[in-house]
Amino acid sequence: MTDQESKNFVSEIFEKIIKSDTINDLVKIEKESFDNKYLMDPKAFPKIDFNISSEEIDNLIANKVIDKNYNLNPIPENSSSLIKLLYSIIWKNGDLKKLKHIAKGIHREDLSIMEQENSFVFYQFGKYLTKQKSQPIIDQHVLRAFAIHQYNNTKDISKIRQLSVITKKEKELIENYIDWLNSDSINDNLKKEQEYSYYIDRILFATGRLTKKSKK
């Protein structure tokens, strides 16, 4: 797929999203536009139907499950089997330090992505877990698709198609995506639907995977 073909495809996808009136419209776009290999694996990433509130993080801090810097404290021996098993998986993957960024995203309602210094994907995932309106799950694929939609210069498109790691340079892009999800570009009826941004995320995830270009 050339840079211009990528731009044309992304433009078509965004046009369909903008015309969508319901969640079912978004699901239809996903099913009709992509092979399964580009879609988010529902077994690896099933939909999260719970939310986590800032008050719940307060309780975790008060009970010394995490400290004031959102670091996870060692779990006690009398923890439930499920907690010990999940802790073990996180430990084995070396992801214990990432939990603090998710907790911070949940807890710091006053802190925008622009004020976050690192771990933007995990911080924004925490924002998503609050289930507030227009707080998306972001990753390299979603941002790649959104950037291609925004850019018109083929050099910019070619460069962003190679995006693989989200850094400080992409913070403004994340903020622009969040703003777009809450803008007049999205149908008012769709914005009334619970978690409409989740279904847009899924479409853009597939779009970004399809349009990704390997670095030479």
Side-chain angles (χ1 to χ4, degrees), residues 23-24 26-27 30-31 34-113 115-143 164-167 170 174 177-178 181 193-206 208-209:
I23 294 295
N24 287 336
L26 297 176
V27 172
E30 188 179 38
K31 287 182 177 179
F34 306 98
D35 291 336
N36 286 336
K37 64 182 179 180
Y38 297 113
L39 300 178
M40 188 179 292
D41 184 351
K43 292 184 178 180
F45 302 101
K47 186 174 181 295
I48 296 175
D49 289 322
F50 60 80
N51 72 296
I52 307 176
S53 68
S54 179
E55 289 75 19
E56 288 178 280
I57 301 299
D58 284 331
N59 288 335
L60 290 176
I61 295 173
N63 291 314
K64 298 183 178 180
V65 177
I66 59 177
D67 63 27
K68 291 182 179 180
N69 294 317
Y70 309 108
N71 295 296
L72 182 66
N73 291 320
I75 63 171
E77 175 61 32
N78 62 353
S79 299
S80 70
S81 299
L82 178 60
I83 289 176
K84 287 190 283 189
L85 181 60
L86 294 177
Y87 182 95
S88 299
I89 295 171
I90 297 169
W91 184 93
K92 185 66 176 66
N93 287 332
D95 289 338
L96 285 175
K97 61 184 179 181
K98 297 174 182 176
L99 282 174
K100 68 178 181 180
H101 301 295
I102 297 175
K104 185 179 179 182
I106 297 167
H107 195 232
R108 291 296 305 275
E109 297 176 355
D110 60 319
L111 193 66
S112 75
I113 193 73
E115 298 170 276
Q116 177 71 358
E117 291 300 319
N118 49 41
S119 299
F120 310 109
V121 171
F122 292 96
Y123 176 79
Q124 183 57 39
F125 184 56
K127 292 290 187 190
Y128 165 75
L129 288 175
T130 66
K131 297 303 176 77
Q132 298 174 34
K133 287 284 186 179
S134 305
Q135 288 293 356
I137 305 169
I138 60 104
D139 72 351
Q140 55 162 305
H141 303 301
V142 172
L143 287 187
S164 59
V165 178
I166 297 175
T167 66
E170 284 72 49
I174 296 171
Y177 176 51
I178 295 170
L181 285 169
E193 297 260 15
Q194 185 68 26
E195 287 201 77
Y196 70 91
S197 64
Y198 165 76
Y199 293 92
I200 294 176
D201 280 339
R202 288 193 350 183
I203 293 171
L204 297 190
F205 175 87
R209 290 188 75 181

S.K.: Tell me, yes or no, whether the heavy-atom count around Asn36 atom CG, taken from other residues, nucleotides or ligands under 6.0 Å, exceeds 12.
M.R.: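 12 or below, so no.
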S.K.: Considering all heavy atoms of both residues, which atom of Val142 and which atom of Phe205 are nearest to each other, and what is their separation?
M.R.: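 Nearest pair, atom of Val142 first, then Phe205: CG2-N, 3.8 Å.
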S.K.: For Asn51 and Tyr128: C-alpha separation, side-chain torsions, deciding distance, then whether side-chain hydrogen bond (donor to acceptor under 3.5 Å, both in side chains) applies.
M.R.: CA-CA 8 Å; Asn51 72 296; Tyr128 165 75; over 6 Å; no
S.K.: For Gln194 versus Ile23, what's the shortest heavy-atom pair and its separation?
M.R.: O-CD1, 4.3 Å
S.K.: Which distance, rounded to the nearest 0.5 Å, do you find between the CG of Asp139 and the CZ of Phe122?
M.R.: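 Rounded to the nearest 0.5 Å, the CG-CZ separation comes to 11.0 Å.
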S.K.: Distance from Leu204 atom CG to Ile138 atom CD1, nearest 0.5 Å?
M.R.: 12.0 Å
S.K.: Can you find a pair of side-chain heavy atoms, one from Ile178 and one from Pro136, that are under 4.5 Å apart?
M.R.: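 A side-chain contact exists here, since the closest heavy-atom pair is under 4.5 Å.
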S.K.: Check the pair Asp95 / Lys97 against salt bridge (charged side-chain N to carboxylate O under 4.0 Å, His left out), numbers first and verdict last.
M.R.: CA-CA 5 Å; Asp95 289 338; Lys97 61 184 179 181; over 6 Å; no
S.K.: Run the side-chain contact (heavy atoms from CB on, under 4.5 Å) test on Ile61 and His107 for me, step by step, so that the C-alpha distance in whole Å, both residues' side-chain angles and the decisive distance to 0.1 Å come before the verdict.
M.R.: CA-CA 11 Å; Ile61 295 173; His107 195 232; 4.2 Å; yes
S.K.: Return yes if a side-chain donor-acceptor contact under 3.5 Å exists between Gln124 and Gln135, otherwise no.
M.R.: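 There is such a pair between these side chains.
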S.K.: Do you know the tightest heavy-atom contact between Ile57 and Ile52?
M.R.: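 So the two residues come closest at CD1-CG2, 4.3 Å.
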S.K.: Using a cut-off of 6.0 Å, state whether more than 12 heavy atoms not belonging to Lys31 lie near its atom NZ.
M.R.: no
S.K.: Counting distance only, does the side-chain N/O of Ser79 pair as donor-acceptor with the main-chain N or O of Ile75 below 3.5 Å?
M.R.: no
S.K.: Any sub-3.5 Å donor-acceptor pair from Lys131's side-chain atoms to Phe50's backbone N or O?
M.R.: yes
S.K.: Using modelled atom types and a 3.5 Å cut-off, is there a donor and acceptor pairing between side-chain atoms of Tyr196 and backbone atoms of Leu181?
M.R.: yes
S.K.: Test Lys47 against Glu195 for salt bridge (charged side-chain N to carboxylate O under 4.0 Å, His left out), laying out the working first.
M.R.: CA-CA 11 Å; Lys47 186 174 181 295; Glu195 287 201 77; 3.0 Å; yes
S.K.: Within the 3.5 Å criterion, strictly below it, is a donor on Gln116 or Lys104 matched to an acceptor on the partner's side chain?
M.R.: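 The answer is yes; a qualifying pair exists.
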S.K.: Please name the pair of heavy atoms, one in Ala206 and one in Leu39, separated by the smallest distance, quoted to 0.1 Å.
M.R.: CB-CD2, 3.9 Å
S.K.: When you compare the side chains of Tyr199 and Asn24, does any donor N or O come within less than 3.5 Å of an acceptor on the partner?
M.R.: no
S.K.: Shortest non-hydrogen contact from Asn73 to Asp67?
M.R.: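 In terms of heavy atoms, the two residues are closest at ND2-N, 3.9 Å.
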S.K.: Would you say the side chains of Tyr123 and Glu115 form a donor-acceptor pair under 3.5 Å?
M.R.: no
S.K.: Can you measure from CZ (Arg209) to CE (Met40) and round to the nearest 0.5 angstrom?
M.R.: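 If we round to the nearest 0.5 Å, Arg209:CZ and Met40:CE are 9.0 Å apart.
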S.K.: Which pair of heavy atoms, one from Leu143 and one from Ile166, lies closest together, and at what distance?
M.R.: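 Residues Leu143 and Ile166, closest heavy atoms: CD1-CD1, 3.6 Å.
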